[in-house]
Amino acid sequence: ALHLAQAEDGKGLDDFQKVYNAIAEKLRDEDEFDGYIGYGPNLVRLSWHVSGTFDKNDNSGGSFGGTYRFKKEADDPANKGLQNAARFLEPIAKKFPWISHGDLYTLAGVTALQEMQGPKIPWRPGRVDADEKDAPENGRLPDASKDGNYVRHYFGRFGFSDQEIVALLGAHCLGKTHLENSGYEGPWGAATNTFTNEFFVNLLNENWKLEKNDAGNEQYNSNKGYMMLPTDYGLIQDGKFKKYVEKYAKDQDAFFEDFKSAYVKLLENGIDFSKLGKAYVFKTLDEQDS
Ligand code: HEM
Ligand SMILES: CCN(CC)c1nc(N)c2ccccc2n1
């Protein structure tokens, strides 16, 4: 059965907005990280990795239990580089000991996206920390060296449609790949900390050359110094995905709307929130500047 959400007792919008603000202020303050990209993209990746372990066949993994806090999950080679996001969140967890790890990891991704001018992401609390025995085994996160069909099959495990898959991958407008983390490198310079539909525009507009990188892995590079993972490139090799790439390259609002829905589905997969009221929509720091 699905995990039943149990909100932290007596905590409401104001309490979670305080956590949001603490993360957002720390994001602004520590802007030099990773060549002045900042921690935003890394926090978004963490929120996806703690959720992407979900398996609808037995309702294992996923964001509910906050099991990333155990080495068994954190040390998954696919999570290399996310130690930065985890370290960033430690003082936040200390300041707000009442928030569960699952709620903190997902709220941090929502905060980072909104502070990077992304769409407003409705968020619901109620994830409850589980034990190390509940941590999913390594190997549930995707392999970047594969093609579009692999991506369709991989996300089929969570019940995502072609349209939801393309929208979700639009998050690769943020940050960059790091050779020492994943064996992929770049894009230098182009890496951004602003949420836009640029990933789709680049996919369609650049001429991509398949090259071996310094780690011996193949990736697509453009003469402007952009890069695409083989799984990214699969979105324009596969006709059914490509029509959504074209839609989002033309219409950023449609991308924002579809990304928001798919990202919420990713973060809430496997959890029954029916006992809770409506989701919270947080104000950005800019919207609160008194
Ligand atoms: C086919 C599925 C996916 C594959 C194979 C994939 C693979 C990767 C790889 C290899 C990196 C580079 C990591 C590093 O070297 O530091 C990366 C970074 C990133 N991914 Fe994905 N990813 C996928 C889906 C997603 C999704 C669904 C999201 C969010 C909704 C996401 C968000 C990010 C972000 C924000 C970064 C940049 C992190 C940073 O700059 O530190 N990815 N991804
Ligand atoms: C759209 C070009 N960029 C940086 C703005 C980009 N492209 C990517 N293909 C990419 C893939 C994984 C993680 C980050 C990524 N960033």
Side-chain angles (χ1 to χ4, degrees), residues 33-52 54 77-86 88 106 108-110 112-113 116 118-119 121 140-158 160 164-206 208 213 215 217 219-222 224-236 241 245 249 258-267 269:
F33 173 69
D34 200 14
Y36 283 90
I37 295 172
Y39 283 92
N42 207 251
L43 288 170
V44 171
R45 185 167 198 236
L46 176 64
S47 70
W48 131 242
H49 272 212
V50 302
S51 306
F54 178 70
N79 284 332
K80 191 131 188 322
L82 293 178
Q83 291 84 355
N84 295 299
F88 175 97
T106 53
V110 168
L113 282 163
M116 291 189 282
I121 312 275
R140 294 189 178 200
L141 292 163
D143 175 350
S145 70
K146 306 287 187 193
D147 66 3
N149 272 326
Y150 165 86
V151 171
R152 178 175 288 110
H153 179 260
Y154 175 84
F155 280 100
R157 190 177 86 196
F158 315 141
F160 280 112
E164 288 172 321
I165 293 167
V166 175
L168 266 182
L169 270 165
H172 280 176
C173 65
L174 298 170
K176 67 185 290 291
T177 56
H178 309 79
L179 208 71
E180 67 279 12
N181 291 347
S182 61
Y184 293 95
E185 186 47 63
W188 286 107
T192 68
N193 48 22
T194 309
F195 196 80
T196 66
N197 65 346
E198 180 192 351
F199 171 74
F200 303 110
V201 173
N202 291 353
L203 262 176
L204 295 173
N205 291 4
E206 298 290 300
W208 299 102
N213 66 28
N217 300 316
Q219 63 180 63
Y220 291 85
N221 297 318
S222 86
K224 276 200 210 130
Y226 295 156
M227 63 81 68
M228 288 291 163
L229 299 164
T231 43
D232 293 329
Y233 192 73
L235 299 185
I236 53 174
F241 284 141
V245 174
D258 292 352
F259 176 83
K260 177 202 67 174
S261 305
Y263 182 69
V264 168
K265 182 171 172 178
L266 176 73
L267 267 45
N269 242 338

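FYI, the numbering just counts along the sequence from 1. Read the numbers this way: they start at 1 and go in the same order the structure lists the ligands and their atoms.
- Across Thr231, Leu235, Leu229, a single residue satisfies side-chain contact (heavy atoms from CB on, under 4.5 Å) together with His172, and that is Leu229.
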Note down each nitrogen or oxygen pair, ligand 1 side and protein side, whose separation is under 3.5 Å; give only atom names and the distance to 0.1 Å.
from     : atom 1 : to     : atom 2 : distance (Å)
ligand 1 : 15 (O) : His178 : N      : 2.7
ligand 1 : 15 (O) : His178 : O      : 3.2
ligand 1 : 15 (O) : Ser182 : OG     : 2.7
ligand 1 : 16 (O) : His178 : ND1    : 2.7
ligand 1 : 16 (O) : Asn181 : ND2    : 3.0
ligand 1 : 20 (N) : His172 : NE2    : 3.0
ligand 1 : 22 (N) : His172 : NE2    : 3.0
ligand 1 : 40 (O) : Lys176 : N      : 3.0
ligand 1 : 40 (O) : Lys176 : O      : 3.3
ligand 1 : 41 (O) : Asn42  : ND2    : 3.0
ligand 1 : 42 (N) : Trp48  : NE1    : 3.3
ligand 1 : 42 (N) : His172 : NE2    : 2.9
ligand 1 : 43 (N) : His172 : NE2    : 3.1

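- The main-chain N or O of Phe54 is found under 3.5 Å from a side-chain atom of Arg157 such that the two form a donor-acceptor pair.
- Neither the backbone nor the side chain of Pro41 comes within 4.0 Å of ligand 2, counting heavy atoms alone.
- More than 12 non-hydrogen atoms from other residues, nucleotides or ligands lie less than 6.0 angstrom from NZ of Lys265.
- For the 3.5 Å distance criterion, the side chains of Glu185 and Asn213 fail to qualify, holding no donor opposite an acceptor.
- Shown in contact with Asp232 at under 4.0 Å from a heavy atom are these atoms of ligand 2, numbered in order with element: 9 (N), 11 (C).
- If you number the atoms of ligand 2 from 1 as listed, the ones under 4.0 Å from a heavy atom of Thr192 come out as 5 (C).
- The Asn202 neighbourhood of ligand 2 comprises atoms 1 (C), 2 (C), with distances under 4.0 Å to a heavy atom of that residue.
- Of all protein heavy atoms, the one lying nearest to atom 5 (C) of ligand 2 is Cys173 O, 3.1 Å.
- Contact annotation: the side chain of Val44 approaches that of Met116 to within less than 4.5 Å [non-hydrogen atoms, C-beta and beyond].
- Looking at Glu206, His172, Gln219 and measuring to atom 13 (C) of ligand 2, the nearest heavy atom belongs to His172.
- Once rounded to the nearest 0.5 Å, the distance linking CG of Leu174 with OG1 of Thr196 reads 8.0 Å.
- Scanning the protein heavy atoms around atom 14 (C) of ligand 2, the nearest turns out to be Leu174 O, 3.3 Å.
- In this structure, Asn181 CG and Gln83 CD are separated by 7.5 Å, a value rounded to the nearest 0.5 Å.
- Close placement of the Phe155 and Trp48 rings is indicated, their centers lying within 6.0 Å of each other.
- Those atoms of ligand 2 with a heavy atom of Met227 less than 4.0 angstrom away are 7 (N), 8 (C), 9 (N).
- For Phe33 and Phe88, the gap between ring centers reaches or exceeds 6.0 Å.
- Applying the ring-ring contact (aromatic ring centres under 6.0 Å, His included) test to Tyr154 and every residue at least two apart in sequence or in another chain returns Phe158.
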